[in-house]
Amino acid sequence: MDQKYMPEKIEPAWQKKWEDDTLFNVTEDSTKEKFYLLEMFPYPSGKIHMGHVRNYSIGDVVARFLRMRGLNVLHPMGWDAFGMPAENAAISRGVHPAKWTKENIDAMRAQLKRMGFSYDWNREVSTCEPEYYRWEQLVFLKMFEKGLAYKKTSSVNWCASCQTVLANEQVEAGKCWRCHQEVSSRELDQWFFRITAYAEELLDFCKKLPGWPERVLTMQKNWIGKSHGVEVDFPLKGRDDAIRVFTTRQDTLFGATFMSLAPEHPLALELAAGMPQEEAVRTFIEKTRKQDKIIRSSEDLEKEGVFTGAYCRNPLTGWDMPIYIANFVLMEYGTGAVMAVPTHDQRDFEFARKYDLPLVVVIQPEDTALDAETLEAAYTEDGVLVNSGSFNGLPNRQAMEKIADFLEEKKIGNRTVQYRLRDWGISRQRYWGAPIPIIYCEDCGPVPVPEADLPVTLPLDLQLGEGGQSPLPKSADFLNVSCPRCGKPAVRETDTMDTFVESSWYYMRYASARYEKGLFDPEAVAYWLPVDQYIGGIEHAILHLLYSRFYTKVLRDLGFIAFDEPFTNLLTQGMVIKDGAKMSKSKGNVVDPNYLIEKYGADTARLFSLFAAPPERDLDWNDQGVEGSFRFLNRIWRLVTENLEVLKNGPSPVNQDTPSQALHRKTHQTIQKVTEDIKRYHFNTAISMIMELANETYAILPLREETTGAFQEAVRAMLRLLSPFVPHITDELWYQMGGTTCLINESWPAFDSSATKVEEITLVIQVNGKLRDRLSLPVDVTEQAATEAAQASEKVKRYLEGKTVRKVIYVPGKLVNIVAG
RNA sequence: GCGAGGGUGGCGGAACUGGUAGACGCACUGGAUUUAGGAUCCAGCGGGAUGACCGUAGGGGUUCGAGUCCCCUCUCUCGCACCA
């Protein structure tokens with residue numbers, strides 16, 4: 001009696017066999033073409049979710065497919081194991097972060113294995129292990145040496161609920177990216193990575209990453225925010241020095257009527273000193289500095305300022321310009337000083353109206369004169385220069401160049417570029433992270449930990465504080481050391497590194513995960529890296545992907561590696577949606593992969609997540625759709641098990657009868673289509689083509705002597721084509737049919753182009769572009785014969801009645817269009 | 001506001017360089033089988049007054065022919081947003 005399809009029985013058995021046979025473990029092999037396929041590693045939260053199932057199913061199809069095509073495929077998995085949820089669990093449940101993390105990793109590893117993903121587990125990496133982060137500390141020291149890691153006091157983003165600092169990239173619309181609480185600002189002594197030193201290269205290589213989605217490159221480009229402009233000196237009245245401003249609108253220079261300084265500008269207080277305004281200026285500066293950073297940089301903040309009492313001179317007009325302190329001017333961008341052109345900048349306009357400052361129109365539309373008195377908003381469009389001395393009459397775009405030339409000639413200013421990108425703040429006032437390998441000595445200042453003393457191990461015997469504060473500053477054992485330079489008592493840095501540092505290089509570690517002599521074995525890295533295909537969520541478009549690109553360039557410049565970009569091709573998969581919303585606990589629309597595996601098996605979970613939508617789009621989860629995928633696998637199961645005797649024999653040659661030839665053709669068309677579709681990551685259409693093949697294979701039943709060969713061929717191809725998607729059921733059926741090798745070690749089926757050829761084609765006949773008939777004609781029909789056949793058609797004749805044929809369009813193999821009127 | 005990407009049956013989605021719109025699946029309808037339910041199998045399934053018509057957000061254009069190319073409008077999603 002045939003056995004029912006019971007995934008819960010066969011799947012674990014195959015997973016065990018794969019593991020026992022170390023089927024997925026790879027080594028460097030210079031005789032084979034390598035392919036490094038990587039999916040973003042997960043944070044070990046304890047359970048996989050549908051996003052993981054989808055991400056890793058996509059990756060596994062590609063990995064298994066390329067393996068079958070003969071490539072040496074590196075497909076590793078690991079854990080982004082540092083981070084706050086571990087600390088939160090420690091606080092709420094009293095478990096140590098290390099224990100919590102380890103248990104979660106064990107649970108998730110088991111789940112991933114239960115999904116049947118083809119990872120080389122020998123290369124598993126967990127970033128919270130000293131064997132991993134010690135190399136990150138080494139890189140930190142090298143960066144420190146080169147000035148790429150440095151410390152400065154600055155106003156930083158502070159998340160009160162997470163009790164730590166956030167990088168600019170980790171603040172989303174004023175809220176913490178992780179806990180979504182309001183972010184405020186604090187003055188803190190922080191470590192930074194000098195990512196701005198690579199701004200130009202990070203931007204430039206956007207053009208050199210053709211394998212990345214346009215969307216991601218655009219987001220990175222916007223984030224880096226390069227703008228071209230000029231720096232201009234405005235001489236201070238009564239002093240020898242000048243205020244330097246950055247502007248992208250040098251064409252409006254003649255309209256600059258006052259100056260705005262950031263409250264943090266070094267000259268702010270100095271200029272007001274001794275003036276009647278001094279007290280007002282001091283109060284204003286204090287007030288603004290106390291103000292929340294995010295509120296301060298939001299557009300709807302009322303523009304406010306205060307006059308310093310000082311003046312500078314417009315270098316082109318010679319006018320005296322009052323100098324104001326303005327709350328909307330940011331010290332971190334440009335020079336912290338802005339020349340104010342109220343007629344052509346909306347912010348300056350509002351400011352000028354409020355404080356009754358002069359307005360001068362210098363650009364206006366070609367045919368309309370603007371009146372500064374009655375202007376209701378700044379005119380920011382293009383136009384022609386007026387009130388601008390010798391530049392009058394020039395279109396402003398041209399004037400930009402001319403004025404820039406003029407400024408450079410007169411040595412008043414220089415063309416320059418500015419970036420929006422800021423340096424990456426990596427200090428975190430957290431416990432569960434990689435310690436920053438620095439020691440503070442009263443005499444020597446910050447001293448790097450000697451390389452020989454690495455790693456600086458995170459002590460595991462500490463208890464977390466009540467409010468989530470790091471226990472490191474209170475741990476005498478950790479804290480107290482002697483200065484490596486002078487030997488005097490000193491203390492360790494107690495901040496840990498942002499976890500994005502770990503994820504910036506884990507993909508290199510996989511190349512030689514157990515290597516003990518350095519970050520990685522240079523030969524292994526030279527063989528495997530860069531990653532050929534990276535797959536992950538779009539939410540990392542800026543954060544992780546920009547940091548990784550930066551870190552790669554740093555490692556290159558430190559001499560560790562020879563490539564420029566870490567990920568040659570990037571695929572960003574869409575979210576998993578249910579009932580119109582992203583799956584989330586708060587929405588209550590979460591589907592647990594465990595439940596799916598129990599009810600339908602891993603193969604169904606994989607199949608549905610690949611079939612329901614193309615990878616880049618959001619996937620709408622539908623329980624009935626899952627049933628459909630399960631049903632399909634049952635169909636495949638029965639197709640094989642009910643014809644096992646026939647399938648065990650053979651394969652015998654395909655007969656020449658019509659049904660056999662039709663199935664034979666469909667088999668080879670399917671091989672061709674599925675191969676092409678997997679190559680371009682159109683898994684949903686690949687699967688639907690296999691479904692069609694299954695339908696046609698069923699249609700040939702019941703088997704007769706002469707159709708056996710075609711049937712055997714179709715089934716054997718079908719199982720191999722399906723195996724990257726649903727590896728368990730296909731291996732099971734393959735072995736039942738007498739196979740002795742797992743399908744991942746079989747070769748991918750080749751298609752016979754002569755088999756896909758047809759003798760007859762359906763030619764579409766149109767009259768004036770409208771479909772009127774379909775004719776079955778030989779493939780090699782001549783244009784003349786096709787045209788004649790078309791005009792002979794009864795259906796077509798009716799439409800031609802009373803009309804003259806003016807033209808006939810013939811597209812070989814497709815259609816005949818008769819133009820008549 | 002700026003930038004990017006989308007709008008195709010009841011639903012998820014197909015359609016390579018312009019050439020049969022709606023593959024495949026879900027849901028639904030009818031039938032077979034069954035004591036019944038489920039499962040399975042067969043058939044149908046864009047709309048419509050069911051032979052000549054209309055249909056890919058709406059409007060215009062190019063073309064023998066447009067979901068696909070061009071222009072305008074609407075709409076949704078995402079990213080950035082006082083960056084001088």
Side-chain angles (χ1 to χ4, degrees), chain A residues 4 172-173 213-223 225-227 229 245-249 252 256 260 262 296-301 303 326-330 332-341 345-348 350-351 380 418-422 538-539 541-542 574-575 577 607-608 611-614 616-629 631-632 634-635 638 673 676 680 682 684-692 694-695 698 762-774 795 798-799 806-811 813-821:
Chain A
K4 233 180 97 189
E172 296 169 347
E214 192 63 39
R215 210 147 76 96
V216 174
L217 294 179
T218 308
M219 279 160 76
Q220 293 209 350
K221 208 182 293 167
N222 290 343
W223 187 263
K226 181 180 183 176
S227 28
V245 305
F246 171 75
T247 180
T248 55
R249 293 299 308 272
T252 64
S260 306
R296 225 187 103 189
S297 59
S298 79
E299 205 170 349
D300 23 86
L301 176 76
K303 282 148 196 59
N327 62 347
F328 62 88
V329 180
L330 308 171
E332 304 90 77
Y333 187 78
T335 60
V338 182
M339 68 171 204
V341 185
D345 181 289
Q346 189 56 27
R347 293 156 299 176
D348 298 341
E350 289 169 34
F351 197 85
T380 53
Q418 281 291 328
Y419 301 94
R420 215 188 70 112
L421 183 71
R422 310 282 148 81
I538 186 81
E539 64 272 20
I542 302 173
M575 289 186 300
I577 303 282
L607 187 67
F608 180 71
F611 178 63
E616 306 216 60
R617 275 214 235 175
D618 286 347
L619 185 154
D620 202 336
W621 196 267
N622 176 330
D623 293 335
Q624 284 165 329
V626 180
E627 290 275 358
S629 293
R631 207 144 53 207
F632 171 67
N634 273 287
R635 243 166 102 72
R638 288 194 308 269
K673 167 96 172 137
E676 282 165 7
R680 48 183 196 141
H682 287 204
N684 55 335
T685 50
I687 293 166
S688 63
M689 189 66 179
I690 302 174
M691 286 173 168
E692 285 185 45
N695 291 343
Y698 261 100
T762 306
L763 206 62
V764 168
I765 314 300
Q766 298 180 334
V767 175
N768 292 332
K770 292 207 161 134
L771 174 74
R772 296 306 180 195
D773 199 6
R774 294 183 169 114
K795 289 180 192 165
R798 255 180 286 161
Y799 290 93
R806 301 193 188 277
K807 198 170 164 189
V808 177
I809 313 259
Y810 174 65
V811 183
K814 295 263 180 182
L815 57 72
V816 175
N817 186 14
I818 302 168
V819 186

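Order of the sequence lines fixes the chain letters, A, B, ..., with proteins taken first and strands second; residue numbering starts at 1 for each chain.
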Legend entry - Sugar-phosphate, base or nothing in reach of Q766(A), heavy atoms under 4.0 Å: base
Legend entry - Among G19(B), G13(B), A27(B), the one nearest R617(A) by side-chain distance: G13(B)
Inset, instruction - Would you kindly say whether R635(A) and N695(A) are connected by a side-chain donor-acceptor distance under 3.5 Å? - result: yes
Inset, instruction - Would you please confirm or rule out a distance under 4.0 Å between OP1 or OP2 of C41(B) and any side-chain N or O of R631(A)? - result: no
Inset, instruction - For the side chain of I809(A), starting at C-beta, report the closest nucleotide among C64(B), C78(B), G12(B). - result: C64(B)
Legend entry - G47(B) and C24(B), which share atom name C1', separated by this distance in whole Å: 22 Å
Legend entry - Any strand: nucleotide that pairs with G18(B) via Watson-Crick or wobble, under 3.5 Å: none
Legend entry - Side-chain N or O of N622(A) closer than 4.0 Å to phosphate OP1/OP2 of C11(B): no
Legend entry - Contact check, side chains of V338(A) and V245(A), non-hydrogen atoms, under 4.5 Å: no
Legend entry - Watson-Crick or G-U wobble partner of U29(B), both distances under 3.5 Å: A43(B)
Inset, instruction - Compare the minimum distances between each of G19(B), G12(B), A84(B) and the side chain of T248(A), then state the nucleotide with the smallest one. - result: A84(B)
Inset, instruction - Report yes if a side-chain nitrogen or oxygen of K814(A) is closer than 4.0 Å to either non-bridging phosphate oxygen (OP1 or OP2) of C64(B); otherwise report no. - result: no
Inset, instruction - Would you indicate which nucleotide in G19(B), A84(B), A4(B) comes nearest to any side-chain atom of T218(A)? - result: A4(B)
Inset, instruction - Test for a donor-acceptor pair under 3.5 Å between the base of C83(B) and the side chain of R422(A), counting only N and O atoms. - result: yes
Legend entry - Options C64(B), G13(B), A4(B), nucleotide nearest the side-chain atoms of P614(A): G13(B)
Inset, instruction - Could you measure between the two P atoms, the one in U33(B) and the one in A27(B), and give it in whole Å? - result: 23 Å
Inset, instruction - Could you tell me whether the side chain of N817(A) has a donor or acceptor atom within less than 3.5 Å of a complementary atom in the base of C64(B)? - result: yes
Legend entry - R638(A) vs C41(B): side-chain N/O to OP1/OP2 distance below 4.0 Å: yes
Legend entry - Pairing partner (Watson-Crick or G-U wobble, both distances under 3.5 angstrom) of A66(B): none
Inset, instruction - Please state the C1' separation for the pair U62(B) and C70(B) - nearest whole angstrom. - result: 7 Å
Inset, instruction - Pick the P atom in C16(B) and in A81(B), then give their distance to the nearest Å. - result: 37 Å
Inset, instruction - Could you give the distance separating U63(B) and G12(B) at their C1' atoms, to the nearest angstrom? - result: 34 Å
Legend entry - Heavy-atom side-chain proximity of K770(A) to Y799(A) below 4.5 angstrom: no
Inset, instruction - For A81(B), take OP1 and OP2 only and decide whether either is under 4.0 Å from a side-chain N or O of R420(A). - result: yes
Inset, instruction - Give G334(A) one of three labels, base, sugar-phosphate or nothing, depending on what nucleic acid heavy atoms sit under 4.0 Å from its own. - result: nothing
Inset, instruction - Please check the phosphate of G25(B) (OP1 and OP2 only) for any side-chain N or O of R635(A) closer than 4.0 Å. - result: no
Inset, instruction - Any strand is fair game: report the nucleotide pairing with G5(B) by Watson-Crick or G-U wobble, both distances under 3.5 Å, or none. - result: C76(B)
Legend entry - R347(A) side-chain proximity, nearest of U40(B), G19(B), A84(B): A84(B)
Inset, instruction - Check every atom of G12(B), G19(B), G79(B) against the side chain of M219(A) and return the nucleotide holding the closest atom. - result: G79(B)
Inset, instruction - Select base, sugar-phosphate, or nothing to describe what S227(A) touches, counting heavy atoms under 4.0 Å on all strands. - result: sugar-phosphate
Inset, instruction - Have a look at G9(B) and give me syn or anti from its glycosidic angle (syn if within 90° of zero). - result: syn
Legend entry - R680(A) side chain, from C-beta outward: closest of A15(B), A81(B), U20(B): A15(B)
Inset, instruction - Provide, to the nearest angstrom, the distance between the CZ atom belonging to F351(A) and the P atom belonging to C82(B). - result: 17 Å
Inset, instruction - Please state the C1' separation for the pair C45(B) and G10(B) - nearest whole angstrom. - result: 11 Å
Legend entry - Spacing of the C1' atoms in G48(B) and G55(B) (rounded, Å): 11 Å
Legend entry - Counterpart base for C83(B), defined by Watson-Crick or G-U wobble contacts under 3.5 Å: none
Legend entry - Inter-nucleotide P distance (G22(B), U56(B)), Å rounded: 14 Å
Inset, instruction - For V819(A), report the nucleic acid contact type (base, sugar-phosphate, nothing); a contact means any heavy atom under 4.0 Å. - result: sugar-phosphate
Legend entry - Strand partner of G37(B), provided both Watson-Crick or wobble distances fall under 3.5 Å: none
